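Note that the structure is a prediction, hence the values are computed from the model and not measured.
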Amino acid sequence: MTRRAMFSSRLERRRQVRRFAVLVAVTVFAIGIGLVGVFAVQGFDFLGIAEADRLPLGMAVLGAVGGVFVLSLLAYAAVRVFSRIE
């Protein structure tokens, strides 16, 4: 018996939506982390030249990573919610 025959079409659609939602969330997270990383490196280089305190920028980077995580969770939830609207 094939794997597809084991699940009803409704359950199969739900699994596909869940996979797509995870793909969207991971994509948002990866792009966000990449952007945070680029700006963090530029900021740390600038602070290194100015010989300034790096703690505030480090806290801002941690906050930005947290924001990216929350944004990826919201993207996951949005895909799941919009998939239920018919």
Take atom CZ of Phe44 as the centre, draw a 6.0 Å sphere, and report whether it contains more than 12 heavy atoms from other residues, nucleotides or ligands. yes
Rounded distance (nearest 0.5 Å) linking atom CD of Gln16 with atom CG of Leu11: 11.5 Å
Considering residues at least two apart in sequence or located in another chain, which fulfil the side-chain contact (heavy atoms from CB on, under 4.5 Å) criterion with Val36? Val61, Ala64, Val65, Val68
Roughly how far, to the nearest 0.5 Å, is CG of Leu73 from CG of Leu71? 9.0 Å
With a cutoff of under 4.5 Å between side-chain heavy atoms, which Ile, Leu, Val, Met, Phe, Trp and Tyr residues group with Val38? none
Once you round to the nearest 0.5 Å, how far does OG of Ser83 lie from CZ of Arg13? 6.0 Å
Nearest 0.5 Å, what's the CZ-CZ distance between Arg19 and Arg14? 14.5 Å
Distance (rounded to the nearest 0.5 Å) between Phe69 CZ and Leu74 CG: 10.5 Å
Scanning both residues in full, the closest heavy-atom pair of Val79 with Phe20 reads CG1-CD2, 3.6 Å
Which pairs count as side-chain hydrogen bond (donor to acceptor under 3.5 Å, both in side chains) when at least one residue sits in residues 60-78, sequence neighbours excluded? Tyr76-Arg80
Which heavy atom of Val28 sits nearest to which heavy atom of Ala75, and what is that distance? CG2-CB, 4.1 Å
Could you go through the side-chain contact (heavy atoms from CB on, under 4.5 Å) check for Phe29 and Val26 one step at a time? CA-CA 5 Å; Phe29 188 76; Val26 168; 5.6 Å; no
